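Following: one structure in structure tokens, then a few remarks.
Reminder, nothing fancy here: chain letters follow the sequence lines and each chain counts from 1. All of these numbers come straight from a predicted model, not from anything done at the bench.
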Amino acid sequence: MLDINLLRNNSKEIQINLQKRGFDFDVNTFEKLDLKRKKLQVDTESLQEKSNILAKEVAQEKNKSTKDQKLKDAKKVSTDLKEIKIKLDTALEDLNTFLLGLPNLLSEDVPEGKSEENNKIIYEKGIIPDFSFKIKDHQEIGELSNGINFEESVTIAKSRFVVLRKEMAKLHRALSQYMLDTHVKNGYEEIYVPYLVNKKSLEGTGQLPKFEEDLFKVSDEEMYLIPTAEVPVSNIYRNKILNSEELPISYVAHTPCFRSEAGSYGKDTKGIIRQHQFDKVELVKFVHPEDSEAELEKLTKDAEGILNNLNLPYRKIILCSGDTGFASSKTFDLEVWFPSQKTYREISSCSNFRDFQSRRMKIRIKQSKENILCHTINGSGLAIGRTLAAILENNQTEQGSVIIPDVLVDYMGGTKELNLSR
RNA sequence: GGAGAGGUGGCUGAGUGGUUGAAAGCGCUCCCCUGCUAAGGGAGUAUGUGGUAAUCCUGCAUCGAGGGUUCGAAUCCCUCCCUCUCCGCCA
């Protein structure tokens, strides 16, 4: 959510900023809604004041006939108040709905562009493997030893789910353990959170009310499966006031993520790149506004560290205005090389939300004069399934084996190479 | 799931219809005093949102959440959520 005072006083600049996303901020509608709200609010409150005064006078009045008169007046005011309150509630709700639909303002340094084609590469790292044999994609490699199985998952659930077996299940586990351990060493606190969340939490981080179709809802309960750990972890401090000495607060959580992937029919149908359920290790920070830019760089570096240590070739990009997510002011994506696709694919998305989420969640920092909103930052460190797939593809050998990255060998019980021929 | 008891400010805790946004204590901040320390005295100390561009000033709201009764609700009624105790069930 954006600062309403900014909307009132700098509507033109906001319109220009949001235009870069391709979002049309309708100043006229906003001003109408706000004006309506203002009139009703002022009227309601002055009527309420009148009612409060009368109520006190009724209590103190000794004279019977004046008391009766005041009681009569008070009753009238009370009835009027009820009516106008209903109108005010509607006006407030309309305004709020409008505000919740506005995306975050973009940082100055976000490059302009319409779609992902205009994202800017910051740098590429690692060596793209040069295979002298016909390579397999990760699904084919996984199926060599029935380590990745899609038939069973369809039986159990439906498409876009997967069953991992034996060494693949173990590698999957090893990755999450390794990532968690590494981030904890880098100063993040490990945290375990609910995988089902309420509406308010999703509204807090920005998934609701706009993107309900991307979520899995648990019927009967007003609960949703989390699309990312960002939701439960960020909402830990909803409605809380933090002390500035305890900042920055850094958390790392490993959770499954559930996404309906509405509108992505036909995309990435092969392999485990796009699933309804996938695991992710997520980094979340609560920081002082002054530090958020630097903290985003740090968090991105921490995510990159995993790719470096796994020796996976990747690149860092900054998303252009049209591709930056609804709640984000600036996003770096880390993309890992997929030899079978001869392209880089997103494996981490690191964003600075500035005060957009904390305004929705009401997360403040205690200050001597006036409390201020904190800034939130998060990013994947990393998506487990895609990391697994990238290792399989980049580390495959002609013999049909996969070399385990050094840092994972201990986590794999000493195994240095997966021999997958049956 | 059944029976009972509760949810009040940073914390403890009073308050069962009318200057109670809320006593008291603790904590915290500032000041005074005491040559250090300990103790003592005084003042202050919630959040949100309006009227304002803003200090000041001031209105309104908030005693788990949402409704209702009433001129007036922390206090009465209803629904929901949560916590605790006992029983049942379960990993």
Any A/E346 side-chain heavy atom under 4.5 Å of A/V336 side chain
no

Side-chain donor-acceptor pair under 3.5 Å between A/Q69 and A/D73, yes or no?
yes

Using the side-chain hydrogen bond (donor to acceptor under 3.5 Å, both in side chains) criterion, which residues pair with A/Q396? Sequence neighbours excluded.
none

Distance, C1' atom - from B/rA22 to B/rU75, rounded to whole angstrom
12 Å

Over 60° means perpendicular and under 30° means parallel, so tell me whether A/H276 and A/F216 are parallel, tilted or perpendicular.
perpendicular

Pair A/T205-A/Q357, side-chain donor/acceptor within less than 3.5 Å:
no

Taking atom types as modelled and ignoring hydrogens, do the side chains of A/E293 and A/N352 form a donor-acceptor contact shorter than 3.5 angstrom?
yes

Stems in RNA chain B: runs of 3 or more consecutive Watson-Crick or G-U pairs, distances under 3.5 Å?
B:1-7 with B:81-87, B:10-12 with B:24-26, B:27-32 with B:40-45, B:46-51 with B:57-62, B:64-68 with B:76-80

How long is the line joining CE of A/M1 and P of B/rG48, in whole Å?
13 Å

Does A/S351 reach the side chain of A/K330, with side-chain heavy atoms less than 4.5 Å apart?
no

Nucleotide by nucleotide, nucleotides 57-67 of chain B touches protein heavy atoms under 4.0 Å in the pattern (B base, S sugar-phosphate only, - none) --BSS------

Indicate the ring-plane relationship of A/F211 and A/F326, choosing parallel, tilted or perpendicular according to the 30° and 60° boundaries.
perpendicular

Side-chain heavy-atom pair A/V231, A/L202 within 4.5 angstrom cut-off:
yes

Gap between atoms CG and P, on A/N198 and B/rC80 respectively (whole Å):
18 Å

Do A/N52 and A/Q48 meet the criterion of a side-chain donor-acceptor pair at a distance under 3.5 Å?
yes

Between A/N104 and A/S329, a side-chain donor and acceptor under 3.5 Å:
no

Interatomic distance, A/N239 CG vs B/rG10 P [rounded to whole Å]:
12 Å

Are side-chain heavy atoms of A/L99 and A/F30 found at a separation under 4.5 Å?
yes

Contact list please: residues 96-104 of chain A against RNA chain B, heavy atoms, distance less than 4.0 Å, in numerical order.
none

Contact check, side chains of A/R386 and A/E335, non-hydrogen atoms, under 4.5 Å:
no

For B/rU70 and B/rG17, measure between their C1' atoms and round to the nearest Å.
9 Å

Classify every nucleotide of nucleotides 68-74 of chain B by which part a protein heavy atom approaches to under 4.0 Å, writing B for the base, S for the sugar-phosphate alone and - for neither, in 5'-to-3' order.
-S-BS--

What integer distance in Å separates A/L242:CG from B/rU47:P?
14 Å

Are A/E116 and A/N119 linked by a side-chain donor-acceptor pair shorter than 3.5 Å?
no

Quick check, are the ring centers of A/Y251 and A/Y188 under 6.0 angstrom apart?
no

Near-strand residues of residues 6-17 of chain A, defined as heavy-atom separation under 4.0 angstrom from RNA chain B
A/R8

In whole Å, what is the span from the CD1 atom of A/I4 to the C1' atom of B/rA53?
16 Å

